[in-house]
Number of protein chains: 2
Amino acid sequence: MRKRSKTSNGQRVTASDVAERAGVSKWTVSRAFTEGASVSPQARERVLAAAAELGYRPNLLARGLTKHRTQIVGLVVDEMDNPNLLSLINTTTSQLQRQGYLAMLLNISSEHDHGAAISLADQFQVDGLIFLGTVLTDELVHLAQQIRHIPLVVLYRNSDNPNIQVVSTDGYRAGREIAGLLLEQEYRRIGYMTGPVSGSTRLSRLDGFRDGLAEQGLAVDEVLEAGHYRRECGFRALEHYLATTAPAERLEALFCENDILAIGALDALKARGESGSMGIVGFDDIKQAASPAYALTTYRQPLESLVNEAIRRIRFDEAQPRRHLLPGELIQRDSHRRTN
Amino acid sequence: MRKRSKTSNGQRVTASDVAERAGVSKWTVSRAFTEGASVSPQARERVLAAAAELGYRPNLLARGLTKHRTQIVGLVVDEMDNPNLLSLINTTTSQLQRQGYLAMLLNISSEHDHGAAISLADQFQVDGLIFLGTVLTDELVHLAQQIRHIPLVVLYRNSDNPNIQVVSTDGYRAGREIAGLLLEQEYRRIGYMTGPVSGSTRLSRLDGFRDGLAEQGLAVDEVLEAGHYRRECGFRALEHYLATTAPAERLEALFCENDILAIGALDALKARGESGSMGIVGFDDIKQAASPAYALTTYRQPLESLVNEAIRRIRFDEAQPRRHLLPGELIQRDSHRRTN
DNA sequence: GCGGGGTTTACAACCGGTTGCAAACATGAT
DNA sequence: ATCATGTTTGCAACCGGTTGTAAACCCCGC
């Protein structure tokens, strides 16, 4: 038995096969598939027809080899236990696909393979790397930068490393907008609930919030520390606060760093039968936020735009690293309003 | 300015560069990097040294082109809103990476690109496709099978399509084991809580459970329908049951299809101050299950083994499609025991 | 009928590896 | 010293595309 005769019995249909079928040479086939190439309309027509009949689909490895561009983006992901991450992965990948890119998932969360994974991605000639909600160690950045000149983008997070591209939601602006919203409601005693203290995510958001309040001569009265981005943590933090603070002295409104925390907070109010006694605002606009049980007022990050911007930066590999902050959208539901 | 002189100034270090440095020919370099090739130890030594000095890393596109194997596995994912999926993606990708594979994430959840995504994966010559918790339409299977001969594996789910490889936890066996556990506790009135009725996942689990109980002459007394795999749904389902059933007639034990539901159920008991009045068993062993607040007895799926089996099937492309069911592990904590 | 300008197309070389083949070499037995 | 055997190594060809160049072609005006 022979090994795959070129034309007929072999599984793979190559450009040469199409060429033969269409009565042209394989170079013409290649040109027929590239946008601005000089091919006569009728030649292209014939090629495309032949390709369709034979079910030809170009081998992207071969193409990548010559073009030095693969349309693959490495998605470096950490913290695989953060449920919020899933929605980020979701929008990122689907947006990438829509733009003709494919995502190679590099899971950094387990053990020490940080270097190995990135190196592997490099060997596959990825067009760029997107870091998704990763705690981006300097080691990691260094690693990625020295390997080859791969465009790096940190998405959704704010890295303070100045050598790296950042595409993220403008937290400062969001904080201000939310401050404005709460001031409209004429709250005076206003608080903030924070998750893990590490994230620089928090900083800009809280800064903007502070500055927004300050414009009206107000300040953040109380910062509640929830510890983690988990419903129970938000629940307990507010529960504890309510239990230890006299009603007259309580906060009138609370901006939570995160929808998860906000929902915990709403649950805590409900559990004490005090729903509506405190205006609550979250951040992210997760699915549950829209449920009528919560009707959580929150701030939606412009996920699609963020991804597209990241892709743009990979595609054109902007010269000097710069952070790009996009505004999100305030989603007004009911939870920020007084109802009693 | 010239375009990348081959050896020195060009970014990319190729096998030829290494060859020159090591004083051998590039073919020897290639052989030094393949496992069972015939190369003299000292030649390999020199090549490896030169490669290390130059920072050579083989171009995997080129390798894939000739070897017809890429070490890339397409991970077809749907239902991107199922939080359980994240942990599946996590273990799957990290296990793949550990085995030298890379995962290309194909997000099917949005719109109509089912075909496009799979076709794209094919063009990248993926070694196989793994369907992860996907509602696997026949159209999808057909599509994937006709394109090229790509090994397909459905992971974690039980497809009833006989033309397709399935690697999954043995739900029937799990059901029996759990039945056995509950019988050991001498419960008589035993129930089952189900999520969406569609999944064939459920069937085998419930079948095994039924058969296990039947061995002792018992049956499933009550099937509670929670609707979705969400905590609130489990909560409400049990809450409603408790509210409408006289204490004397209540179930003594309840096997929930899912830890999420089980946790909802535990919360419902707690909310009524009846914690410990009903033995609860879940399925999956999610993180929360281990928390002392729940101490949920559950059944852990052998995730690593499942992935490895899937990889094995992709690598060796088993001839006839067959389903492969692996046993999981019963995790006994406290929630299945009587405490009052 | 011929030469000039613009398109199309064929060709060769290449991207960066792998692999079958045969020559070169080393080894040990006779 | 000779030969059979086994191991290394160099070479050419190839994987399936792309791209620069040069030849072939077309249309047109002179």
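Residue numbers start from 1 in every chain, and the chains themselves are labelled A, B, ... in the order their sequence lines are given, proteins ahead of strands.
Taking every heavy atom of both residues into account, B:Leu105 and A:Leu105 meet most closely at CD2-CD2, 4.1 Å. In plain terms, the two heavy atoms of A:Pro302 and A:Gly328 that are nearest each other are CD-CA, 3.7 Å. Summarising the geometry of A:Val154 relative to A:Arg157, their closest heavy-atom pair is CG1-O, 3.6 Å, with the distance given to 0.1 Å. What you find for A:Arg313 and A:Arg322 is that their closest heavy atoms are NH2-O, 3.3 Å.
In this structure, CG of B:Asp17 is placed 9 Å from P of C:dG16, rounded to the nearest angstrom. Rounded to whole angstrom, the span from the CD atom of A:Gln42 across to the P atom of D:dC25 amounts to 15 Å. A:Gln125 places its CD atom 18 Å from the P atom of D:dG17, with the value rounded to the nearest Å. Following rounding to the nearest Å, A:Arg57 (CZ) and D:dG16 (P) show an atom-to-atom distance of 15 Å. The nearest whole Å value for the distance from the CD atom in B:Glu20 to the P atom in C:dG16 is 15 Å. In this structure, the CZ atom of A:Arg63 is 13 Å from the C1' atom of D:dT19, given to the nearest Å. If you take CD of B:Gln123 and P of D:dC15, they are 19 Å apart, rounded to a whole angstrom. Here D:dG16 presents its P atom at 16 Å from CZ of B:Phe124, a figure rounded to the nearest Å.
A:Tyr56 comes within 4.0 angstrom of sugar-phosphate atoms only, judged by non-hydrogen atoms across all strands, and of no base.
B:Asn308 and B:Gln99 are linked by a side-chain donor-acceptor pair at a separation below 3.5 angstrom, with hydrogens and angles left out of the test. Looking only at atom types and distance, the side chain of B:Ser119 has a donor-acceptor partner in the side chain of A:Arg57 under 3.5 Å away. Side-chain contact of B:Tyr56 with B:Thr14: a donor-acceptor pair under 3.5 Å is absent, judged by distance alone. With no hydrogens or angles considered, a side-chain donor-acceptor pair links A:Arg69 and A:Gln71 at under 3.5 Å.
Nearest to the side chain of A:Lys67, among D:dT18, D:dT8, D:dG17, sits D:dT18. Comparing C:dG16, D:dA12, C:dA10 by their nearest atom to the side chain of B:Trp27 picks out D:dA12. Looking at the side chain of A:Leu65, the nearest of the listed nucleotides C:dA10, D:dT18, C:dC15 is C:dC15.
In this structure, A:Glu53 places its CD atom where more than 12 heavy-atom neighbours from other residues, nucleotides or ligands lie under 6.0 Å away.
Summary of the strand contacts: B:Thr28 and A:Asn59 both lie near DNA chain D, and taking for each the nucleotide with the nearest heavy atom, the more 5' one is attributed to B:Thr28. Nearer to the 5' terminus of DNA chain D, by closest-nucleotide assignment, is the contact made by B:Ser40 (compared with the other of B:Thr66 and B:Ser40).
The C1' atoms of five pairs define one axis at each end of the helix from C:dG1-D:dC30 to C:dT30-D:dA1, and these two axes lie 60° apart (to 10°).
A donor-acceptor contact under 3.5 Å is formed by the side chain of B:Lys26 with the base of C:dG17.
OP1 or OP2 of C:dA10 lies within a sub-4.0 Å distance of a side-chain N or O belonging to A:Ser25. A:Ser30 has a side-chain polar atom (N or O) that falls below the 4.0 Å cut-off from OP1 or OP2 of D:dT18.
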| task | At under 4.0 Å between heavy atoms, which parts of nucleotides 21-28 of chain C does protein reach? Answer with one letter per nucleotide, 5' to 3': B base, S sugar-phosphate only, - none. | result | B-------
| query | Run the side chain to side chain contact (heavy atoms under 4.5 Å, CB included) check on B:Phe33 and B:Val47 step by step: do they pass? | reply | CA-CA 9 Å; B:Phe33 275 91; B:Val47 169; 4.2 Å; yes
